Amino acid sequence: MACWLFKSEPDTFGIEDLAAQPRQTDHWDGVRNYQARNFMRDDMTVGDLGFFYHSNTKEPGIVGIVEIVRAAYPDHTAFDPEDPHFDPKSDPDEPRWFMVDVKLVRRLARTIPLAELKARPEISDMPLVRKGNRLSVMPVTDEQWAFVLSLE
DNA sequence: GCCAACGTTGGC
DNA sequence: GCCAACGTTGGC
């Protein structure tokens with residue numbers, strides 16, 4: 001089983017929004033970065049766990065845990081001209097972008113702030129804490145996963 | 001709101 | 001294939 005981290009802006013789609021969905025499950029659409037797409041399309045499997053991370057907010061940090069409940073399938077929002085993530089170059093017959101379904105497992109007891117993660121040498125290799133990182137979906141090693149949870 | 005860092009695009 | 005220009009991300 002692999003572990004992951006999903007970034008989202010809480011003003012757009014936060015953990016409370018996921019919690020409000022039926023069965024606390026939703027598709028993770030809108031990823032428009034090839035590296036992040038490849039992780040989802042090629043490497044994520046049902047049963048994998050992920051951190052839910054709030055970005056671009058007052059206190060960015062890890063707020064919860066999700067589970068992958070459906071493996072990658074075409075991201076239909078790329079075909080919708082009305083959608084903010086519309087991509088005219090994604091052809092329904094040969095989709096360019098993919099998404100997975102995630103289910104909320106639980107909120108963390110507290111937000112683990114980015115600043116705190118950055119201060120921990122044990123996880124200095126996490127892409128999340130590296131300068132200039134812009135991946136919205138990234139892998140997390142088992143060791144990093146366990147360490148982050150130990151901070152909760 | 002600012003701006004550094006990054007990925008993508010397109011001219012050549 | 002190079003690289004400047006541009007748009008976006010995301011911390012602060």
Side-chain angles (χ1 to χ4, degrees), chain A residues 2-21 26-44 48-68 71-102 104-141 143-152:
Chain A
C3 299
W4 305 96
L5 182 143
F6 294 87
K7 277 187 198 171
S8 190
E9 301 189 15
D11 289 348
T12 305
F13 186 84
I15 197 163
E16 297 309 321
D17 297 299
L18 181 59
Q21 297 301 313
D26 207 351
H27 47 262
W28 199 267
D29 63 83
V31 172
R32 296 293 180 268
N33 169 283
Y34 289 105
Q35 200 178 351
R37 178 209 60 186
N38 293 346
F39 288 135
M40 289 201 300
R41 187 190 58 185
D42 304 335
D43 300 326
M44 277 188 195
D48 285 358
L49 297 177
F51 286 129
F52 196 120
Y53 175 85
H54 279 172
S55 68
N56 209 8
T57 186
K58 182 173 286 186
E59 187 177 54
I62 293 172
V63 296
I65 296 174
V66 298
E67 179 181 353
I68 313 301
Y73 58 107
D75 181 344
H76 58 78
T77 65
F79 310 137
D80 177 4
E82 303 299 314
D83 192 278
H85 300 293
F86 174 60
D87 180 0
K89 286 181 257 185
S90 186
D91 180 344
D93 292 330
E94 196 171 348
R96 175 176 298 202
W97 304 114
F98 289 79
M99 57 190 182
V100 298
D101 286 355
V102 300
L104 180 64
V105 174
R106 65 179 180 91
R107 296 175 183 76
L108 296 191
R110 67 180 184 102
T111 296
I112 303 176
L114 178 62
E116 188 173 332
L117 298 170
K118 280 185 168 173
R120 294 294 193 152
E122 294 90 339
I123 47 173
S124 59
D125 285 339
M126 283 183 80
L128 181 70
V129 302
R130 302 199 75 106
K131 188 172 155 186
N133 164 68
R134 290 172 53 180
L135 274 178
S136 61
V137 173
M138 66 187 76
V140 176
T141 68
E143 291 76 14
Q144 292 161 351
W145 182 272
F147 183 78
V148 169
L149 280 183
S150 78
L151 300 174
E152 182 182 11

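In this text, all values refer to a predicted model and were calculated from it rather than measured experimentally. The figures here come from the full heavy-atom set of this structure, side chains too, leaving out hydrogens, waters and symmetry mates. Residue numbers begin at 1 in each chain, while the letters A, B, ... track the order of the sequences.
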Whole-Å gap separating [atom2] ([N]) and [atom1] ([X]):
X: R130(A); N: dG10(C); atom1: CZ; atom2: C1'; answer: 18 Å
X: R96(A); N: dT8(B); atom1: CZ; atom2: P; answer: 10 Å
X: K89(A); N: dT8(B); atom1: NZ; atom2: P; answer: 10 Å
X: N133(A); N: dA4(B); atom1: CG; atom2: C1'; answer: 14 Å
X: E116(A); N: dC12(C); atom1: CD; atom2: C1'; answer: 18 Å
X: L135(A); N: dG7(B); atom1: CG; atom2: P; answer: 8 Å
X: N33(A); N: dG10(C); atom1: CG; atom2: C1'; answer: 14 Å
X: N56(A); N: dA5(B); atom1: CG; atom2: P; answer: 17 Å

Does some side-chain heavy atom of E143(A) sit less than 4.5 Å from a side-chain heavy atom of E122(A)?
no
Under 4.0 Å between a side-chain N or O of K131(A) and OP1 or OP2 of dA5(B)?
yes
At under 4.0 Å, does any side-chain N or O of Y53(A) touch on OP1 or OP2 of dT9(C)?
no
Minimum-distance nucleotide to [X] side chain [options: [options]]:
X: K118(A); options: dG11(C), dT9(B), dG7(B); result: dG11(C)
X: K7(A); options: dG11(C), dG10(C), dA5(B); result: dG10(C)
X: S55(A); options: dA5(B), dG11(C), dT9(B); result: dG11(C)

Value rounded to 0.5 Å, distance of CG in L151(A) from CD1 in I123(A)
6.0 Å
Does a donor on one side chain and an acceptor on the other come within less than 3.5 Å for R32(A) and S90(A)?
no
Checking side chain to side chain contact (heavy atoms under 4.5 Å, CB included) between W4(A) and each of V140(A), L49(A), D48(A), which is the one that passes?
D48(A)
